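Order of appearance sets the numbers: ligands from 1, and atoms from 1 within every ligand. Everything numeric here is computed off the predicted structure, so don't read it as measured data.
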Amino acid sequence: MRILVLNAGSSSLKYELFDNLESVASGVVEHIGEPGGVKDHEAALEMAEKRLVEGGFLESFARLDGIGHRVVHGGERFVAPTRIDETVVEAIRELIPLAPLHNPANLQGIESMAKKAPGVPQVAVFDTAFHQTMPKEAWLYAIPTEFYERDGLRRYGFHGTSHHYVAKEAAKRLGKPLDACNLVTMHLGNGASLCAVWEGQSVDTSMGFTPLAGLVMGTRSGDIDPEIPIWMMKRGIDADKVLNKQSGLKGLCGDNDLRRIEERAAGGDAKSKTALKVYVHRIRHYLGAYIAQLGRVDAVVFTAGVGEHSVLVRQMVCEGLEPLGLFLDTEKNLRGEAVISAENSPVGIFVIPTDEEKEIAVQTEAVIGR
Ligand code: AMP
């Protein structure tokens with residue numbers, strides 16, 4: 001089966017072609033709609049198709065067996081990957097107020113592809129879907145309930161495809177079915193979130209109504225006193241820009257690249273050292289909360305750019321958590337092994353590379369094959 005996975009952003013289009021779930025080609029078209037770039041998503045798809053055809057990977061998009069789309073927001077309606085038809089397109093459109101930057105771009109990808117390859121089944125895989133199993137006490141905010149009932153203001157959570165993928169991989173490592181596993185999955189990339197997984201299902205996650213909540217990220221503040229944006233707005237400050245683009249690691253030390261921050265901290269830079277400490281402190285805050293919530297934990301999982309590669313962050317996160325059952329083997333951590341917990345550690349500590357595109361391909365095949 002040949003599945004094309006598309007991740008359409010507002011100005012970029014990432015694509016990856018899978019043949020029987022093996023990745024055979026991937027690429028990205030950037031600067032869509034910008035001066036010097038291609039005109040729109042349709043033109044970007046044409047460029048992607050041309051590259052894949054010229055590379056000998058495909059005769060045309062019309063010959064694909066399926067197309068899987070990453071869709072950021074599925075609201076409460078979408079709890080699983082869904083075959084796209086007109087009703088689904090309308091529903092994704094209705095969810096635009098909840099994801100004004102992302103859902104329109106995802107829709108453009110879907111609609112352009114429907115024109116280019118009309119007979120090929122398309123599947124939407126939602127970033128929010130995995131978290132729809134959270135209990136109400138985990139997703140309801142303590143604000144007047146009409147804001148939820150009328151406007152849909154609640155915790156949704158994101159990165160669901162990644163949390164789900166690494167949870168499944170962790171279950172394989174534990175040699176148990178996923179629905180017998182309690183896990184804390186830690187997606188630490190430029191965007192970052194933690195997820196508490198109870199018997200294979202998400203029961204809590206650190207992102208909220210938007211991906212701004214929770215951990216300290218590359219440029220996003222994560223959790224702050226909710227009065228702070230109000231304070232800013234009263235002074236005419238663009239709180240949206242400050243909290244989404246100028247905060248997080250960047251706001252703390254001027255850089256959002258954790259690798260460089262580690263280098264500068266090692267060289268004695270005080271702000272970089274503090275940024276690292278604040279970053280790790282917040283991760284530990286959620287990790288502790290989720291371990292308490294789950295009671296019994298089989299394993300914790302590090303994934304995404306920082307989780308997969310930063311020996312230092314993994315070490316700082318696990319430091320002193322032996323009373324909670326986390327015994328890190330520092331040598332294994334240093335070597336970047338797949339299991340970095342000590343032999344006798346009651347809780348496994350795993351490093352699992354995430355692969356959202358592969359998971360979208362897997363889910364797409366499953367939906368088409370039904
Ligand atoms: P992602 O969004 O998953 O691509 O993750 C990006 C983040 O991972 C950036 O902050 C990178 O600096 C960080 N990262 C990648 N490789 C390393 C590394 N070897 N050590 C520390 N951080 C890394």
Side-chain angles (χ1 to χ4, degrees), residues 5 7 9-16 23 26-28 30 70 72 101-102 127 130 157-167 169 185-195 205-207 210-222 244-267 269 271-283 300-319 328 330 332-338 340 349-360:
V5 172
N7 182 352
S10 53
S11 67
S12 70
L13 177 91
K14 287 191 204 143
Y15 59 91
E16 187 160 351
S23 171
S26 63
V28 56
E30 287 176 306
R70 173 182 186 219
V72 166
L101 296 179
H102 293 104
D127 260 17
F130 182 59
F158 300 87
H159 289 145
T161 308
S162 175
H163 289 296
H164 194 185
Y165 175 80
V166 297
E169 292 297 312
T185 50
M186 301 185 268
H187 180 109
L188 308 176
N190 228 334
S193 65
L194 253 67
C195 179
T205 190
S206 58
M207 283 180 168
T210 72
L212 180 57
L215 303 179
V216 174
M217 302 178 224
T219 64
R220 285 175 239 160
S221 63
N244 275 296
K245 304 251 162 70
Q246 301 171 339
S247 295
L249 292 168
K250 185 163 193 182
L252 289 170
C253 68
D255 202 334
N256 61 347
D257 185 321
L258 199 104
R259 198 176 344 194
R260 277 205 302 266
I261 295 170
E262 280 185 19
E263 285 163 10
R264 295 220 315 253
D269 180 61
K271 282 195 168 174
S272 300
K273 281 190 197 171
T274 303
L276 258 172
K277 283 187 187 164
V278 176
Y279 177 80
V280 169
H281 180 82
R282 187 77 53 81
I283 297 171
V300 301
V301 180
F302 286 96
T303 192
V306 176
E308 289 164 31
H309 300 112
S310 174
V311 173
L312 180 65
V313 166
R314 293 195 301 252
Q315 159 113 34
M316 288 171 77
V317 167
C318 296
E319 199 139 344
L328 183 77
T330 47
K332 288 182 185 169
N333 183 37
L334 200 60
R335 290 195 294 270
E337 291 188 7
I340 57 173
I349 310 173
F350 297 165
V351 179
I352 301 180
T354 192
D355 194 340
E356 289 167 279
E357 285 71 26
K358 167 97 178 276
E359 179 63 16
I360 293 173

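Residue D257 holds the heavy atom nearest to atom 12 (O) of ligand 1 of all those in L312, D257, L249, V306.
Note: an N/O pair closer than 3.5 Å links G305 and ligand 1 by distance alone. For ligand 1, the polar-atom distance check against R259 finds a nitrogen or oxygen pair separated by under 3.5 Å.
In this model, no donor atom of one side chain and acceptor atom of the other lie less than 3.5 Å apart for T161 and E356. A donor and an acceptor atom, one from each side chain of T219 and Q246, are nowhere located under 3.5 Å apart.
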Intermediate values then yes/no, side chain to side chain contact (heavy atoms under 4.5 Å, CB included), V317 and F302 | CA-CA 10 Å; V317 167; F302 286 96; 3.9 Å; yes
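Residue, atom and distance of the protein heavy atom nearest to atom 10 (O) of ligand 1 are L258 N, 3.1 Å. When only non-hydrogen protein atoms are considered, atom 2 (O) of ligand 1 lies nearest to N190 N, 2.8 Å. Protein heavy atom at the shortest distance from atom 19 (N) of ligand 1 is H309 CB, 3.3 Å.
Within ligand 1, the atoms closer than 4.0 Å to a non-hydrogen atom of G189 are 1 (P), 2 (O), 3 (O), 5 (O), numbered from 1 in the order shown. Taking every non-hydrogen atom of S310 and a distance limit under 4.0 Å, the qualifying atoms of ligand 1 come out as 21 (C).
Summarising the local packing, NZ of K14 is surrounded by 12 or fewer heavy atoms from other residues, nucleotides or ligands at distances under 6.0 Å.
Partner of D127 under the side-chain hydrogen bond (donor to acceptor under 3.5 Å, both in side chains) criterion, out of H159, H102, R70: R70 alone. When each of L312, I283, N190, V313 is paired with V306, the side chain to side chain contact (heavy atoms under 4.5 Å, CB included) condition holds for V313 and for no other.
Every residue two or more places apart in sequence or in another chain was checked for a side-chain hydrogen bond (donor to acceptor under 3.5 Å, both in side chains) with E357, and none qualifies.
Residue contacts with ligand 1, taken as heavy atom pairs separated by less than 4.0 Å, involve N256 solely via the backbone atoms N, CA, C and O.
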